[in-house]
Engineer: 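First the structure, which I've put down as structure tokens, then a few questions once you've had a look.
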Amino acid sequence: MAEEVKVFRSWSSPFPLRVIWALRLKGVTFDVICEDLFNKSPLLLQYNPVEKKVPVLVHNGKAICESLVILEYIEETWKQTPLLPEDPYQKANARFWAKFSDDKVIMQVFQSIKWDVLLKEGKEQEEGILASLQNLRYLEEELRGKKFFGGEAIGLADLALGWLAYYLNIFEEVAGLKLVDQESFPSLVAWMQEFANAPVVHGSWPDRDKLAEKLVAMREASLGKETRK
């Protein structure tokens, strides 16, 4: 009997993309169900009743939630094209950077860019930029001399951090600033280009103009509220 594999995603969220890239790397056939997070389907609420968000992986009727947990499930379920190295130290290192992605890059860079850089101006924006740059410098140092975080092939840490390869430039464009340039972050810039051009990644990004339009609307709404205070 053929396996049933479904991925619940929204059109703009970067987190389900981690799951899609991993399944593509493994050569797993899957269906995508796109959710409107302002009008969530009964199926999404059934499969993720606790957090009610995407991504959700449904494998033969069983639901797995949270993108990093899903990546670990995919790695253990489909053994081909490993996401993690065999060496215990290297495996622990890959998991560290994947966790760093959520604890520091997502929470402090993504959220800082979104709420302090994109939606603020002046001193508040400057403070958000400084917070973002520090964690990006850690990534620069880790990538020095390497094609991907694990070496020559895309692995767990690359999937966790892959959103940077597309979303960061759009954030910069909408906010009218440059956080990552070739001179200051040569290794990070090279990695973003390599990752974005990988066959499993190509064609998976949300529409750039639509995403930029959404971010512009958020920025204008936020700055308008700040002006009215």
Side-chain angles (χ1 to χ4, degrees), residues 13-22 24-25 67-68 71-72 75 81-114 116-118 125-206 208 211-212 215:
S13 173
F15 302 106
L17 292 175
R18 296 168 164 178
V19 179
I20 289 170
W21 297 329
R24 285 183 173 182
L25 274 173
S67 60
L68 291 185
L71 293 185
E72 293 278 0
E75 176 73 343
T81 317
L83 306 179
L84 288 165
E86 291 185 11
D87 178 77
Y89 172 76
Q90 293 177 0
K91 186 179 294 185
N93 195 53
R95 286 186 168 125
F96 169 84
W97 288 107
K99 190 172 187 299
F100 182 86
S101 169
D102 277 13
D103 291 351
K104 300 295 184 181
V105 182
I106 293 292
M107 293 305 297
Q108 294 183 15
V109 177
F110 182 81
Q111 297 295 346
S112 179
I113 291 171
K114 183 176 180 180
D116 297 328
V117 177
L118 186 65
Q125 188 184 67
E126 291 173 6
E127 291 172 351
I129 291 171
L130 290 175
S132 301
L133 288 176
Q134 180 56 54
N135 287 310
L136 292 173
R137 289 191 184 99
Y138 291 134
L139 301 182
E140 173 68 21
E141 289 302 314
E142 177 63 21
L143 282 165
R144 197 174 303 278
K146 296 191 292 188
K147 184 176 180 180
F148 296 108
F149 279 90
E152 290 299 308
I154 290 175
L156 183 73
D158 303 285
L159 298 176
L161 289 155
W163 65 272
L164 282 167
Y166 187 76
Y167 287 75
L168 181 60
N169 181 254
I170 300 175
F171 283 138
E172 291 174 330
E173 180 182 302
V174 172
L177 52 84
K178 193 68 178 175
L179 290 173
V180 174
D181 57 46
Q182 180 68 43
E183 183 177 356
S184 300
F185 295 92
S187 299
L188 186 56
V189 169
W191 169 80
M192 288 194 293
Q193 292 171 347
E194 286 282 357
F195 186 85
N197 291 327
V200 296
V201 174
H202 184 71
S204 63
W205 304 114
R208 183 184 180 88
L211 184 57
L215 295 174

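None of these values were measured; they are calculated from a predicted model. When a residue number appears, it is its place in the shown sequence, counting from 1.
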Engineer: Could you check whether R137 pairs with E140 (Lys NZ or Arg NE/NH1/NH2 to Asp/Glu carboxylate O, under 4.0 Å)?
Structural biologist: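 Between E140 and R137 there is no salt bridge, as every charged N stays at least 4.0 Å from the carboxylate O atoms.
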
Engineer: If I take atom CG from residue L159 and atom CD1 from residue I20, how far apart are they, to the nearest 0.5 angstrom?
Structural biologist: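 The CD1 atom of I20 is 11.5 Å from CG of L159, to the nearest 0.5 Å.
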
Engineer: More than 12 non-hydrogen atoms from neighbouring residues, nucleotides or ligands closer than 6.0 Å to CZ on F96, yes or no?
Structural biologist: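 Enclosed.
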
Engineer: Test of understanding: with side chain to side chain donor-acceptor pair (under 3.5 Å), list the residues that count as partners of E194, not counting sequence neighbours.
Structural biologist: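 Partners of E194 by the side chain to side chain donor-acceptor pair (under 3.5 Å) criterion come out as none, since no residue qualifies.
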
Engineer: Do the non-hydrogen side-chain atoms of K178 and N169 ever get within less than 4.5 Å of each other?
Structural biologist: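 Yes, their side chains come closer than 4.5 Å.
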
Engineer: So how far is it from N197 CG to M192 CE, rounded to the nearest 0.5 Å?
Structural biologist: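 One finds 12.0 Å between CG of N197 and CE of M192.
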
Engineer: So which atom in L17 and which in S204 form the shortest heavy-atom distance, rounded to 0.1 Å?
Structural biologist: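 That closest heavy-atom pairing would be CD2-O, 3.3 Å.
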
Engineer: R95: what forms a side chain to side chain donor-acceptor pair (under 3.5 Å) with it, not counting sequence neighbours?
Structural biologist: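 By the side chain to side chain donor-acceptor pair (under 3.5 Å) rule, R95 matches E72.
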
Engineer: Is there side-chain contact between L156 and K91, with heavy atoms separated by less than 4.5 Å?
Structural biologist: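 Not touching, per the 4.5 Å side-chain cut-off.
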
Engineer: Among L179, V180, L143, find the residue that satisfies the side chain to side chain contact (heavy atoms under 4.5 Å, CB included) test when tested with F185.
Structural biologist: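 Going through the options one by one, the only one that passes is V180.
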
Engineer: If you round to the nearest 0.5 Å, how far is CG of L83 from CZ of R18?
Structural biologist: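 CG of L83 is found 12.5 Å from CZ of R18.
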
Engineer: Roughly how far, to the nearest 0.5 Å, is OG of S67 from CG of D102?
Structural biologist: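 Reported to 0.5 Å precision, the distance equals 5.5 Å.
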
Engineer: For the residue pair E142 and N93, establish whether any side-chain heavy-atom pair is separated by less than 4.5 Å.
Structural biologist: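 Yes, their side chains come closer than 4.5 Å.
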
Engineer: Within the supplied structure, the quantity of interest is the number of heavy atoms (other residues, nucleotides, ligands) at a distance under 6.0 Å from K99 NZ; does it exceed 12?
Structural biologist: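 Open.
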
Engineer: By the salt bridge (Lys or Arg N to Asp or Glu O under 4.0 Å) test, which pairs, at least two apart or in different chains, include something from residues 154-165?
Structural biologist: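 Residue pairs with at least one partner in residues 154-165: there are none.
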
Engineer: Check whether any side-chain heavy atom of F100 lies under 4.5 Å from a side-chain heavy atom of L139, and answer yes or no.
Structural biologist: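 In contact.
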
Engineer: Please identify which of these residues, F15, W205, W163, meets the ring-ring contact (aromatic ring centres under 6.0 Å, His included) condition with W21.
Structural biologist: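 That would be W205; it is the only one of F15, W205, W163 passing the ring-ring contact (aromatic ring centres under 6.0 Å, His included) with W21.
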
Engineer: Take atom CD of E86 as the centre, draw a 6.0 Å sphere, and report whether it contains more than 12 heavy atoms from other residues, nucleotides or ligands.
Structural biologist: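 Atom CD in E86 is not crowded, with 12 or fewer foreign heavy atoms closer than 6.0 Å.
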
Engineer: Within the 4.5 Å heavy-atom criterion, are L161 and F195 side-chain neighbours or not?
Structural biologist: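 Side-chain contact under 4.5 Å: no.
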
Engineer: Tell me the closest heavy-atom pair linking G145 and S187, and the distance in Å.
Structural biologist: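 Answer, listing the atom of G145 first, then S187: N-OG, 4.4 Å.
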
Engineer: When rounded to the nearest 0.5 angstrom, what is the spacing between CG in L136 and NZ in K104?
Structural biologist: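 Here the interatomic distance stands at 13.5 Å.
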
Engineer: Which distance, rounded to the nearest 0.5 Å, do you find between the CG of L188 and the CZ of R144?
Structural biologist: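 One gets 11.0 Å once the value is rounded to the nearest 0.5 Å.
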
Engineer: A side-chain contact here means heavy atoms from C-beta on lying under 4.5 Å apart; do Y166 and L211 qualify?
Structural biologist: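 They are in side-chain contact.
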
Engineer: Can you name the closest pair of heavy atoms from A98 and L68 and give their distance?
Structural biologist: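 Heavy atoms of A98 and L68 come nearest at O-CD1, 3.6 Å.
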
Engineer: Any idea which heavy atoms bring A196 and A165 closest together, and the distance?
Structural biologist: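 Closest heavy-atom pair between A196 and A165: CB-CB, 4.2 Å.
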
Engineer: Between E173 and A212 (side chain of the first, backbone of the second, donor and acceptor by atom type, cut-off under 3.5 Å), is there such a pair?
Structural biologist: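 Not at all, since once roles are kept as given, no pair shorter than 3.5 Å links the two residues.
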
Engineer: Determine the minimum heavy-atom distance between I170 and R208, stating which atoms define it.
Structural biologist: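 Here I170 and R208 meet closest at CG1-NH1, 3.4 Å.
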
Engineer: For residues V105 and W97, determine if any side-chain heavy atom of one lies less than 4.5 Å from a side-chain heavy atom of the other.
Structural biologist: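 No. Closest side-chain heavy atoms not under 4.5 Å.
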
Engineer: Looking only at heavy atoms, which two atoms of S13 and P16 are closest? And how far apart?
Structural biologist: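 Smallest heavy-atom distance, with atoms named: OG-CD, 3.2 Å.
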
